[in-house]
Amino acid sequence: MSSNTALKPVENIAFIDLAAQQARIKDKIDNALSTVLAHGKYIMGPEVKQFEADLCSYTGAKHTISCSSGTDALVMALMALGVQAGDAVFVPSFTFAATAEAVAILGAIPVFVDVDAKNYNIDLSSLEAAYETNAALNHKAVGIIAVDLFGLPANYEALNSFAEQKGLWVMADSAQSLGGRSNNQNVGQMARVTTTSFFPAKPLGCYGDGGAIFTDDDDLAAKLRSIRVHGKGNDKYDNVRLGVNGRLDTLQAAILIEKLKIFPEEIVSRNRVAAYYNENLSNIIQTPFNDDQTTCAWAQYTLQLSEKNRQYVLDQLKAAGVPTAVYYPLPLHQQTCYKDYPSAPDMGTCEKLSQTVFSLPMHPYLKPDTQDYIIQAVRKALT
Ligand SMILES: *Cc1c(COP(=O)(O)O)cnc(C)c1O
């Protein structure tokens, strides 16, 4: 290539390529949808039960309660745990709004915790500081919601032991990490209760909204099945507790059954893509945390700049035809809706990260030549 020839992408680069996945299993999805249209059981049809059983065998969780979204999964799980107005729940500030929203919508108090700059997950020393801050405010601390940000499981060993000392429960917001593993446990097995999302852009996405809750606790599972259908007792006209309309559509379950079949292979592909990015970028920019004990689900591949020159880098990449995204441009404790809730005394890490991180295209169908092009464009933008 002569030096005055501008680098051109080999194709239109997708940030997440759902079309390539659909093309791969289009016949199977068409068949699955036709089956549902033929039997007509649109609400809680046989595919919902089948998908829940498939997820139990995939995750190793004893119970899977499918539901209407990742946000509803959080709200339903908090309701099942008995969270009351005025209770305090510790949440990381560097996450999607739903994590704190689910707490606040029940009248409980999200207490914001800073994250670890190395892995973007809740920081243990900040959690201890937030615990003290909350104690001084005299709010009753009941639990912790950890988020597996960008697909990397949080440090549940440490979180579970801190929670046990303080009499708190631990919930995993695993909206981004289904398919992840850590210390020989799957996502879905690491906390008292785990929630996930099937929003189309998540690692396992449907063609609309959907979510699920995992637990080994029989009592919690029974409560969740009741809460999902208006707090039903023996039937839906017997109301024994407050609930919601939180069901997963049969059509989405039918799609998800087919997608789950290829999901283990897609997780392997995502890890191959991430490893190749790491190999070719780690000498010029901070690449994501990765070790032998952990499998990340790579919902996002996120880089961290050392200086606040992000807009320049993003503009260069845009000009080269490389799509990027910023997760998250403002931590929750600085958002209009959440700024009056308590937070740990020092929130400096997530405040800095919100100005220095950006994410590259990441999906299982990223072709090697396209990835090489993206890597060249990033290296060029950084020099
Ligand atoms: C996507 C997401 C949610 C919400 O899931 P929805 O299905 O969109 O409601 C919650 N928490 C985190 C961390 C997420 O990334």
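We count ligands from 1, going down the list as the structure has it; atoms in each ligand are counted the same way.
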Review point. Does one side chain, of Thr215 or Asp217, offer a donor that lies under 3.5 Å from an acceptor on the other?
Key: no

Review point. Asp72 to ligand 1: N or O pair under 3.5 Å?
Key: no

Practice item. Identify, for atom 11 (N) of ligand 1, the protein heavy atom at the shortest distance, and state residue, atom and that distance. Key: Asp173 OD2, 2.8 Å

Check your understanding: Mind checking whether Asp54 and Phe263 have side chains closer than 4.5 Å, heavy atoms only?
Key -> no

Review point. Just distances here: any N/O of Tyr328 and N/O of ligand 1 closer than 3.5 Å?
Key: no

Review point. With a 3.5 Å cut-off and no angle check, do the side chains of Tyr120 and Gln304 form a donor-acceptor pair?
Key: yes

Review point. Taking both backbone and side-chain atoms of Thr95, is any N or O found less than 3.5 Å from an N or O belonging to ligand 1?
Key: no

**Study point:** Option of least heavy-atom distance to atom 9 (O) of ligand 1 (set: Val75, Thr71, Thr196)
**Key:** Thr71

Exercise for review: Answer with yes or no after comparing the ring centroid distance for Tyr207 and Phe198 against a 6.0 Å cut-off, counting only values under it.
Suggested key: no

Review point. How long is the span from the CD atom in Glu47 to the CD1 atom in Ile257, to the nearest 0.5 Å?
Key: 5.5 Å

Practice item. Give the numbers and elements of all ligand 1 atoms closer than 4.0 Å to a heavy atom of Ala98. Key: 4 (C), 10 (C)

Check your understanding: Of all the atoms in ligand 1, which lie at a distance below 4.0 Å from a heavy atom belonging to Val147?
Key -> 13 (C)

Practice item. Kindly assign one of parallel, tilted or perpendicular to the pair Tyr328 and Phe150, based on the angle between their ring planes and the thresholds 30° and 60°. Key: parallel

**Study point:** Nearest neighbour in protein (non-hydrogen) for atom 14 (C) of ligand 1
**Key:** Lys202 NZ, 2.9 Å

Review point. How does Ala175 reach ligand 1, by side chain, by backbone, by both or by neither, if only non-hydrogen atoms under 4.0 Å count?
Key: side chain

Point to revise | Minimum heavy-atom distance between Asp238 and Asn234, given as atom pair plus value | key: OD2-N, 2.9 Å

**Study point:** Polar side chain donor-acceptor pair, Tyr365 to Glu266, under 3.5 angstrom
**Key:** yes

Point to revise | Numbering as shown, the atoms of ligand 1 that approach Ser69 to under 4.0 Å (heavy-atom distance) | key: 7 (O), 9 (O)

Review point. Which atoms of ligand 1 have any heavy atom of Ser197 under 4.0 Å away?
Key: 5 (O), 6 (P), 7 (O)

Practice item. Indicate yes or no: does an N/O atom of Gly70 lie under 3.5 Å from an N/O atom of ligand 1? Key: yes

